[in-house]
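Take a look at the structure set out below.
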Amino acid sequence: MTWNASCKDFDSSKDVHMSKRATSMCPTLVLSSVKKLYVWTLLTSVVLFVSALGYNNVRSQSTDRLAAPRDSSRVFVSDNPNTVPETPNNDQYTLQLQKEVEDLKHRIEQLELEKNTYPEVTFRSYKDRKRILVTGGAGFVGSHLVDKLMLQGHEVTVVDNFFTGRKRNIEHWLGHENFELLNHDVVNPLFIEVDQIYHLASPASPPHYMYNPIKTIKTNTVGTINMLGLAKRVRARLLMASTSEVYGDPEIHPQTEEYWGHVNPIGPRACYDEGKRVAETMCYAYRKQDGLEVRVARIFNTFGPRMHMADGRVVSNFILQALQNEPITIYGKGEQTRSFQYVSDLVDGLEALMNSNYSEPVNIGNPEEYTILDFARVIRQLVGGESEIVHKPAMQDDPQRRKPDITRAKKYINWTPKVPMMVGINKTIEYFSHELQRKKHSERNIWHPDFELQSNTDTSLDLGSNIFNQKSADVEDNLES
Ligand code: NAD
Ligand code: UDP
Ligand code: UDP
């Protein structure tokens, strides 16, 4: 399903569908259930038949030793009409049936094993286990956060309207006893019982949030007030996923949390920027008025596996273009800068902030800053393709420099990013290249938590730290033209 197709009707999802329904839609589980039902039915029939046969054998031995078995399909029939049909040996027949029963039992055991393929989660007692809501949990960042919380042994409820999120991102948890999935739009009220709320529901990439600006505003305003109302009712702590976009096109560099920002309130990015700014305002109003525990994470550009293929963000665009030998598109001269963090660092930061005692806004980002032009060259080199770098018109109100000051994060939540950008980019290239090769629906998402754990121990991906010093001729040519 393409993004455009999925977003046409996103505003219509008014009902809450419980996870069991979602679970029943998971093809693997449906198939497994149908197979299991089929095998059980067959097994029951065979067992009944064997019992009936045993009873008939006892009778037939005393009355008619040559009587044929009841199942005529198993009687030998010769093509030659003159041949006298052979009477099958009942003992042999019973043995054959017993063997079939054993085979079926073995098959059921295998199906039981197949069912329990969830990643192993930590056991927590009732006292230590939290009930955690992740809105936007089927999206890119949300799904990685869900993995972490599930592996820690918490009970996780995902609320998502699948505007940009996908079941594929969380398919490995469907049916797990600690996991719930609600197909729900946060613009509508939600009444559930939880201890913590990570409020991530919002489109995040510029093409996605500009696609339906009014919906973006509703999601960030009405949606946030609903989640704050829920948090107030159940006395839960709420972490709101804010953004570096609250600083707009910043006049100070790097950006500290004290900076109030420079946002065009009527520009094309305003639906998102102002939506997030008012969402922050509402968090602190609920804190002041109702004593709500709030946490505000100002997230800087994040990338990694499970980013949407049609996301339109610079990381996914450049990697996909390079992998397909298409031109790499730079908006404007490419002198604008961004600081990119790998998704696992962000997830660690969100969790650290949620469980800290600090309630002022905190920047979560990697301060390594690159120009977009340099970034294009890195991607091309790592992918190894022959894409040319081309320039397109600059985006309106595109922030020119962006880099987080993370002094607060270090001091109050003891967090710093750990994953070097090159390592993260290689993992992301691997993910996208697999997605591009995908031919069948049944091919599962490779970014399974078990796979991630293995790849985190693989240090061979740490490549190319001096790529930034290499100038490539065609980049220079493009800039001159
Ligand atoms: P994403 O688009 O992959 O995920 C957003 C999720 O929210 C999707 O699953 C989407 O279906 C869901 N959603 C959108 N509107 C909804 C609604 N009305 N009701 C219920 N669900 C809804 O984006 P992401 O990159 O994972 O971003 C997650 C959060 O982090 C967002 O709030 C975003 O603003 C914030 N953020 C992300 C970045 C980044 O670089 N990824 C940077 C700054 C802030
Ligand atoms: N709300 C919700 N779930 C709850 C509690 C409240 O979705 O468990 C919504 C509620 O519908 C309202 C919003 O949150 O629109 C704000 O709730 P609050 O109690 O702060 O305000 P009020 O209901 O008094 O307007
Ligand atoms: N960008 C680009 N080419 C693309 C996509 C983005 O040059 O194909 C630029 C964009 O103009 C911006 C930067 O890359 O300056 C980051 O864009 P992105 O959409 O990833 O996130 P933003 O930080 O703007 O929200």
Side-chain angles (χ1 to χ4, degrees), residues 3 6-7 10-11 13 135-145 158-166 169-170 182-194 198-209 215-216 218-220 222-234 236 240-246 269 272 275-276 279 282 286 289-290 292 297-304 306-308 311-318 320-321 328-332 334-338 340-341 343 346 350 364-365 372-373 375-376 391-392 394-395 397-400 402:
W3 169 68
S6 73
C7 59
F10 72 93
D11 203 10
S13 58
T135 74
F140 157 54
V141 175
S143 62
H144 287 280
L145 177 62
V158 163
V159 159
D160 205 295
N161 72 346
F162 296 101
F163 175 37
T164 53
R166 290 160 300 165
N169 288 341
I170 41 161
L182 308 185
N183 186 337
H184 175 80
D185 190 321
V186 292
V187 168
N188 302 310
L190 174 71
F191 292 85
I192 57 173
E193 303 299 317
V194 287
Y198 287 88
H199 179 40
L200 274 62
S202 165
S205 85
H208 285 173
Y209 65 65
K215 178 67 186 185
T216 302
K218 282 189 196 169
T219 296
N220 279 299
V222 183
T224 302
I225 219 158
N226 281 334
M227 293 308 104
L228 287 164
L230 166 63
K232 184 175 95 177
R233 182 177 61 79
V234 298
M240 137 84 186
S242 187
T243 167
S244 52
E245 287 281 328
V246 298
R269 303 173 88 100
Y272 182 70
K276 290 285 186 182
M282 291 188 301
Y286 269 80
Q289 195 168 318
D290 295 309
L292 201 67
R298 290 190 181 150
I299 303 170
F300 283 64
N301 296 62
T302 308
F303 69 93
R306 301 200 197 133
M307 286 181 90
H308 202 295
D311 180 294
R313 281 185 270 203
V314 69
V315 178
S316 41
N317 272 12
F318 284 6
L320 285 169
Q321 288 163 346
I328 296 181
T329 55
I330 291 188
Y331 303 151
E335 288 168 354
Q336 69 271 41
T337 68
R338 290 295 186 272
F340 299 103
Q341 79 180 321
V343 65
L346 170 59
L350 294 178
I364 310 278
I372 293 302
L373 186 57
F375 189 63
H391 291 261
K392 297 215 160 178
M395 301 265 284
D397 296 341
D398 199 353
Q400 289 308 295
R402 185 181 286 163

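When a ligand or atom number is given, it counts from 1 through the structure's own listing order. Note: hydrogens, waters and symmetry copies are ignored here, and every other heavy atom, side chains too, is used.
- Not one N or O of Pro206 is nearer than 3.5 Å to an N or O of ligand 3, by distance alone.
- At a 4.0 Å cut-off, at least one heavy atom of Glu245 sits close enough to ligand 3 to count as contact.
- If you look at Arg338 next to ligand 3, the close heavy atoms, those under 4.0 Å, all belong to the side chain.
- At a heavy-atom distance under 4.0 Å, only side-chain atoms of Arg269, from C-beta outward, approach ligand 3.
- For Leu190, every heavy-atom contact with ligand 2 shorter than 4.0 Å involves the backbone, none the side chain.
- Contacts with ligand 2 closer than 4.0 Å are made by no heavy atom of Met227, backbone or side chain.
- The pair Asp398-Arg338 counts as a salt bridge, with a side-chain nitrogen and a carboxylate oxygen less than 4.0 angstrom apart.
- In this structure, Phe303 has its ring center at least 6.0 angstrom away from the ring center of Phe140.
- In this structure, atom 15 (O) of ligand 2 is in close contact with the protein, since a protein heavy atom lies within 4.0 Å of it.
- With hydrogens left out, the protein atom closest to atom 2 (C) of ligand 3 is Tyr331 CD1, 3.5 Å, a heavy atom.
- At a heavy-atom distance under 4.0 Å, only side-chain atoms of Gln336, from C-beta outward, approach ligand 3.
- Residue contacts with ligand 3, taken as heavy atom pairs separated by less than 4.0 Å, involve Ile372 solely via side-chain atoms from C-beta onward.
- Looking at Asn301 against ligand 3, only its side chain comes within 4.0 Å, counting heavy atoms.
- Given atom 4 (C) of ligand 2, the protein heavy atom at minimum distance is Phe191 CE2, 3.3 Å.
- The residue from Gly229, Ala236, Pro189 that puts a heavy atom closest to atom 5 (C) of ligand 2 is Gly229.
- When only non-hydrogen protein atoms are considered, atom 20 (O) of ligand 2 lies nearest to Tyr286 OH, 2.6 Å.
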Could you go through Thr224 and His199, starting from their C-alpha distance and side-chain angles, then the distance that decides it, and tell me whether this counts as side-chain hydrogen bond (donor to acceptor under 3.5 Å, both in side chains)? CA-CA 8 Å; Thr224 302; His199 179 40; 3.1 Å; yes

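- Residue contacts with ligand 3 for Asp398 involve side-chain atoms from C-beta outward but no N, CA, C or O (heavy atoms, distance under 4.0 Å).
- For atom 23 (O) of ligand 2, the nearest protein heavy atom lies 4.0 Å or farther away.
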